[in-house]
Amino acid sequence: MRSIAVVGVGYVGLVTGACFADLGNKVVALDIIEERVENLKKGILPIYEPGLSEIVARNVDAGRLSFTTSYEEALAEAEFVFICVGTPQGVDGEADLQYVRSAAESIAQTMDHSLIVINKSTVPVGTGDWVSDIVRETQSHPIPFSVVSCPEFLREGSALVDFMNPDRTVLGSLDQDAASEVAHLHLPLRAPIVITDLRTAEMIKYASNAFLATKISFINEIANICEALGADVKEVAVGMGLDKRIGRFFLDAGVGYGGSCFPKDVSALKHMATVQGKHPQLLQAVVDINGFQRKIVVNKLRELLGDDLSGKTIGLLGLAFKPNTDDMREAPAIDIAEILFEAGAKCKGYDPVSMKHAAQMMPNVVLCNSPYEVAEGCDALVVITEWNEFKNLDMERIYTAMKRPIIIDGRNIYEPEMMTEHGFTYRGIGRGYNGASGVELPSNGRTGVTQTS
Ligand code: UDX
C-alpha cells in the first residue's frame, strides 16, 4: 500500500484518487474549494460520472480515501502527489497554468520530506521543467523531489473504465528511478507502460487528443462530401474501420466534438506550434471543420423551414457535450442554440442529466422535462447528444406532438427509412440520400452494410 496525495478534486482528480484507493493505496485528496470538500465528506460529488459515487463511498468507508483543504494533511504521509488541477484555455488558446503554479508552490511550501510530484493535468510541453523550477525556487530549504508527467486518457462518462483498463500508461521524467516508482503504482492495471522523458510524455497527450479530434473532423468532412454525392457516411465508417490501421472508433460523423479537452487541447497545441514559428495548418482545419458542423444543422433547418427562422420553434434533444455526462463545456448545443436565437427562433431543450448546467449556460432555451414535452408544438426537432433514451422514443407520439414532422439527426442515431415510414422529413449528417443531394432512395430501401465474417 502506497501513500498518495491528489491535488484538485475535479473530473480527473476525483477519478484518480478513488481508483488508486480502490487499488489498495491510501489517498488524501485535496481541494481549495471548501464547499466541495465538505460535500465530498457528506458523499456529495461535484461531478456526474457513472459509478463514481459508489467507488468513492466504498473507499471512504474502508478508510483508504479522505478529503481535505489542508496541504499539511494531504502531504503528511504522501510519497506521491498528483497535480490534477484544471488547465483551462487562456488567451490565444494557450493553456492557463495558474492553478498548476499555485499547486506547485503550495506543495513546495508544505513538503517536509522527499516527494514524487506527478503532473496528471494536461499541460503544455515543457511544463514539467517549469514545475521543477517552481518547486525548487519555492522551497524554504532544499528537499529532494522529482517530477513525473503522467497524462490522463480518461473519457468523461467512462472515466472509471478507462482508468482501470488503460490502453497504456505514459510516464515521463528526467529521473528514471522516480518514473519506475510511479510505474509500480500502475502495475495492477496490467497495461503497457511507456517510460520516456518529460516533454515527450507531455507531447504524447496532446498528440493523442489532437489526432482523435482530427479523426472526428476528418469523418465530418467525409460526411459533407457524402451528402453531396449520395453516399452514407455511417456505412463508409464501417468499411473504413475494418482496416486495422484506421479502426472504427472516433469515426462517428455529427455536430462535432465539444467537451473540456479536445477544443482546449487542440488550441493549446496550435498555440505551442505557432509560438515556435510552425504553422499548424492541419490543426487549424480540424478546428474550422468542427465549428462548421454546428452551422450545418442550422443550414438544414433553413433548407426545410425557409431562410427566415424567426418565430419558428426548434426542439433540442440532448444538451451535454456527449452522453453519460452532465458536462456542457464547449457543448455543440450551446453554439447551435445561440445561432438559432440570433436567427429569431425559439428553442426548447431537454437532457437526461445536464439540466442544472443547461439552466445556467443556455438562458434562452426553454428547458423541458422530457423529449415529448420538447416536441410539443415544434417546427423541427434536432438530436444533438446521442443519449440512449432518444434511440427508442415513441415516434408516433413525437409525430403527433410536433407542429411539423421534421427531424434533424445531429448524431445519426436513427435509420432514415424508419423515420420516413413514420412520416417524418428526416435529415442526418452525411446520410447521402437527403433532398439537398436529390439522390433518391433505392426502391427496395437501403442495402446497408453486411459484414460476412
Ligand atoms: C477525450 C479523450 O477521449 C480522452 O482520452 C482525454 O483524456 C479527454 O478528452 P472526452 O472529451 O471526455 O475524452 O470524450 P470523448 O468520448 O473523447 O468525446 C469527445 C468529443 O468528441 C465529444 O463531443 C463527442 O461527442 C465527440 N465525438 C467522439 C464525435 O463527434 N465523434 C466520435 O466518433 C467520437
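Counting convention: from 1, in listed order, for ligands and their atoms alike. These numbers come from a predicted model, not from an experiment. Hydrogens, waters and symmetry mates are skipped; everything else that's a heavy atom, side chains included, is used.
- The protein heavy-atom contact nearest to atom 23 (O) of ligand 1 is G258 N, 2.9 Å.
- Salt-bridge annotation for E227 and K300: present, with a side-chain N of the basic residue lying under 4.0 Å from a carboxylate O of the acidic one.
- Contacts between F249 and ligand 1 below 4.0 angstrom, taking non-hydrogen atoms only, are absent altogether.
- Protein heavy atom in closest approach to atom 3 (O) of ligand 1: R155 CG, 3.2 Å.
- D326 and H357 form a side-chain donor-acceptor contact under 3.5 Å, judged by distance and modelled atom types alone.
- Residue D252 touches ligand 1 through backbone and side chain together, judged by heavy-atom distances below 4.0 Å.
- In L251, the part holding a heavy atom less than 4.0 Å from any atom of ligand 1 is the backbone.
- Around atom 10 (P) of ligand 1, the closest heavy atom drawn from K215, E156, E152 belongs to E156.
- Among F250, F153, Y257, Y11, the residue whose heavy atom lies closest to atom 17 (O) of ligand 1 is F250.
- Of all heavy-atom pairs between V125 and M272, the closest is N-SD, 3.5 Å.
- For atom 16 (O) of ligand 1, the closest heavy atom belonging to the protein is K322 NZ, 2.9 Å.
- Ring centers of Y414 and F424: at least 6.0 Å apart, outside the cut-off.
- With rounding to the nearest 0.5 angstrom, the OG1 atom of T87 is 10.5 Å from the OH atom of Y99.
- For atom 29 (C) of ligand 1, the closest non-hydrogen atom on the protein side is I216 CD1, 3.6 Å.
- Between the CG atom in L65 and the CD1 atom in I55 there is a gap of 9.0 Å [rounded to 0.5 Å].
- Of the charged side-chain nitrogens involved, at least one lies within less than 4.0 Å of a carboxylate oxygen, so that R58 and D22 count as a salt-bridged pair.
- At a heavy-atom cutoff of 4.0 Å, ligand 1 is contacted by the side chain of R411 but not by its backbone.
- The shortest distance between side-chain heavy atoms of V6 and I4 falls below 4.5 Å.
- Not a single heavy atom of G259 sits under 4.0 Å from any atom of ligand 1.
- Residue G256 has at least one heavy-atom neighbour below 4.0 Å for each of these atoms of ligand 1: 30 (O).
- Scanning the protein heavy atoms around atom 6 (C) of ligand 1, the nearest turns out to be K205 NZ, 3.4 Å.
- Near C261, the atoms of ligand 1 lying under 4.0 angstrom from a non-hydrogen atom of the residue are 8 (C), 9 (O).
- Some N or O of F321 is nearer than 3.5 Å to an N or O of ligand 1, by distance alone.
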### Message
I'd like to know whether N119 forms a side-chain hydrogen bond (donor to acceptor under 3.5 Å, both in side chains) with E202, so could you lay out the CA-CA distance, the side-chain angles of the two residues, the decisive distance to 0.1 Å, and finally the verdict.
### Response
CA-CA 9 Å; N119 276 342; E202 290 160 345; 4.6 Å; no
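- Between F262 and ligand 1, no pair of N/O atoms sits closer than 3.5 Å.
- Heavy-atom neighbours of D167 CG from other residues, nucleotides or ligands within 6.0 Å: at or below the threshold of 12.
- Between L154 and ligand 1, a contact under 3.5 Å exists for at least one N or O pair.
- Taking the ring centroids of F163 and F20, they lie under the 6.0 Å cut-off.
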